[in-house]
Enquirer: 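I am attaching a structure below and will ask some questions about it afterwards.
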Amino acid sequence: MENESIVNTGAVKGVAKSKVKVWPISTFLILLYLIVAMSDNFKGIFVPSFKSEFLVNNTQIGFVMTASLLAYAVFQYIGGMLIEKFGYKKVLMLGFILSILAILFLVNCLNFAMLIVSMFLLNTGMAMFNISVNTLGPALPLASTAILMSAINGSYGAGNTVLQLISGKLLATGINWRSFFIFMLIVVLAMFIYLIFLKIPFQPVVKSGDKANSVLKSPVLYLYIAAAGFYLASEYGIGNWFVNYMSDSFAMTSDQSSLYIALFFGCKTLGLVFSGFIADKIGYFRCILIYGLVATLTSFIGVALGQGGLVIFAIGGFAFSAIFPTIITTIGGFFKDRTSMATGLILMFGTLIAMVVSQIIGILNDALGTQNSFYVVAISILCCTIFSYLIGLRSKNN
């Protein structure tokens, strides 16, 4: 199946494409993913701080990750339905309001229960951002959707890279984790003002009589859920547990461990610079297969070699780069008239898979040790590659 036939560029209605100013919207989406990067980055790198301040173990920290991913899962789906009813801008504004409230709670967090509730609320806001980005981005009338989605995800990777380096060094100097959320609040408020003045003249198209059952009955939906779910499980596993893995397994300080996780996301960002062009050139599913196999190999080898394999594991971030944005880019080709709903379902159930896997990692950390449990990341990216391959086979016959 040719690339053009699996990319949906007509899932919105509004003004004529020739009159649409897409670059202010594209820039907003790219910058918005920096906020998502902050949210995800701060959960993982603050794990040792959370354990120390609230006197909890890895299994209990797993509850924080589970609450965060549960919010992501449920509210990405709800967000998809809200987008179809109210449009992108109103859903994005709701996301900002929820995020601002959550950060204020975090800055004034008094106990572990309040931490869990605050993270749930914060990730509810992030879910609104995520579903908006992953449905509006592919629908913008650009020459290459793959390149835009790579740029958006590259923003996430670049944000993670810089934040991991800076956060690790600042934590090592004794700065409290709450200070980082104060900085995040300033960024969120700035982007909220940007959104207020931004024109988004798009509304998702939903054909009359096009029922949700048509999406739910599609076998490819469940392949997408599995592919996206296991990818998210691997990436969230890295973002949430990689610092803890290095801290517990090799007694590395936050300053030391931040170098490796920053290298991972730095390589991932570098990969995103090229992945959109490569996907356009060799085909989307072939690109996912190649990158997925390399990511699987570097993950298994990196964990097997222990501390000596950290560099290999981190460099493997390059191979992670193309997988998820390319998967998201292809959804509209199978669900042209209910793209928002299908994407919401895929992200919701996919995130639920990631949530379960993240909790399993937390439990296995205490039961089997952090190094053995980290193999779950490698297994997850392998599963993602297998299910993506199965979607690719269906696309050839579509």
Side-chain angles (χ1 to χ4, degrees), residues 37 40-48 58 150 153-172 230-275 278 287-288 290-325 357-358 361 364-365 368-385:
D40 292 346
N41 164 77
F42 288 166
K43 285 198 301 290
I45 201 165
F46 294 154
V47 166
N58 289 315
S150 292
N153 283 272
S155 171
Y156 178 95
N160 256 333
T161 303
V162 175
L163 287 167
Q164 293 288 352
L165 283 171
I166 295 176
S167 299
K169 292 183 181 299
L170 292 178
L171 282 172
F230 282 111
Y231 175 83
L232 291 172
S234 65
E235 183 158 298
Y236 287 145
I238 295 166
N240 292 339
W241 294 110
F242 194 25
V243 171
N244 187 68
Y245 161 60
M246 291 182 281
S247 175
D248 284 9
S249 296
F250 315 119
M252 297 176 67
T253 65
S254 60
D255 195 16
Q256 293 171 322
S257 59
S258 67
L259 294 174
Y260 289 101
I261 195 166
L263 178 60
F264 175 88
F265 285 109
C267 290
K268 183 172 179 285
T269 304
L270 180 62
L272 283 163
V273 173
F274 305 101
S275 63
I278 294 173
C287 178
I288 295 171
I290 294 172
Y291 276 68
L293 290 173
V294 175
T296 300
L297 185 62
T298 55
S299 296
F300 273 110
I301 293 174
V303 178
L305 294 178
Q307 187 169 359
L310 290 176
V311 172
I312 295 174
F313 188 94
I315 291 175
F318 187 95
F320 278 76
S321 62
I323 300 171
F324 189 69
V357 172
S358 182
I361 293 175
L364 292 179
N365 278 339
L368 301 178
T370 52
Q371 183 171 355
N372 288 330
S373 66
F374 213 62
Y375 278 110
V376 174
V377 170
I379 295 170
S380 296
I381 197 64
L382 173 61
C383 291
C384 167
T385 304

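If you're wondering where the values come from, they're calculated on a predicted model, not measured in any experiment. Both backbone and side-chain heavy atoms feed into the values below; hydrogens, waters and symmetry mates do not.
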Enquirer: If I take atom CD1 from residue Ile301 and atom OG from residue Ser299, how far apart are they, to the nearest 0.5 angstrom?
Expert: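 Nearest 0.5 Å value for the CD1-OG distance: 9.5 Å.
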Enquirer: Of Val303, Thr296, Leu297, which meets side chain to side chain contact (heavy atoms under 4.5 Å, CB included) against Phe300?
Expert: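 Of Val303, Thr296, Leu297, side chain to side chain contact (heavy atoms under 4.5 Å, CB included) with Phe300 is met by Thr296 alone.
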Enquirer: In terms of the angle between their ring planes, are Tyr231 and Phe324 parallel, tilted or perpendicular, with boundaries placed at 30° and 60°?
Expert: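 Parallel.
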Enquirer: If every non-hydrogen atom of Tyr245 is compared with every non-hydrogen atom of Thr370, which pair is closest and at what distance?
Expert: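 Closest approach of Tyr245 to Thr370: CD1-O, 3.5 Å.
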Enquirer: May I ask you to decide if Met246's main-chain N or O and Ser249's side chain share a donor-acceptor pair within less than 3.5 Å?
Expert: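 Flag not set: sc Ser249 to bb Met246 has no pair under 3.5 Å.
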Enquirer: Kindly say whether the aromatic ring centers of Phe264 and Phe320 come within a distance under 6.0 Å.
Expert: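 They qualify: ring centres under 6.0 Å apart.
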Enquirer: Any chance you could measure Leu368, atom CG, to Ser373, atom OG, to the nearest 0.5 Å?
Expert: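 Separation between the atoms: 7.0 Å.
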Enquirer: Are any side-chain N or O atoms of Thr385 and backbone N or O atoms of Ile381, one a donor and one an acceptor, separated by less than 3.5 Å?
Expert: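 Answer holds: yes.
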Enquirer: Side chains of Phe313 and Val377: closer than 4.5 Å at any heavy-atom pair?
Expert: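 Result yes, sub-4.5 Å side-chain heavy-atom pair found.
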Enquirer: How long is the gap from CD1 on Ile288 to CG on Leu293, to the nearest 0.5 Å?
Expert: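 Between atom CD1 of Ile288 and atom CG of Leu293 there are 11.5 Å.
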Enquirer: Is the closest side-chain heavy-atom distance between Asn244 and Trp241 below 4.5 Å?
Expert: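 Yes, side chains in contact.
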Enquirer: According to the salt bridge (charged side-chain N to carboxylate O under 4.0 Å, His left out) rule, which pairs have a member within residues 303-323, sequence neighbours left out?
Expert: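 Salt bridge (charged side-chain N to carboxylate O under 4.0 Å, His left out) check on residues 303-323 returns no pairs.
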Enquirer: What I'd like to find out is whether the side chain of Leu364 reaches to under 4.5 Å of the side chain of Tyr375, using heavy atoms alone.
Expert: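 Contact flag for Leu364/Tyr375 side chains = no.
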Enquirer: Any salt bridge (charged side-chain N to carboxylate O under 4.0 Å, His left out) pairs touching residues 237-254, not counting sequence neighbours?
Expert: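 Every pair satisfying salt bridge (charged side-chain N to carboxylate O under 4.0 Å, His left out) with a residue in residues 237-254: Lys51-Asp248.
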Enquirer: Is there a side-chain contact between Val357 and Val376, using heavy atoms and a 4.5 Å cut-off?
Expert: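 Of all side-chain heavy-atom pairs linking Val376 with Val357, at least one is under 4.5 Å.
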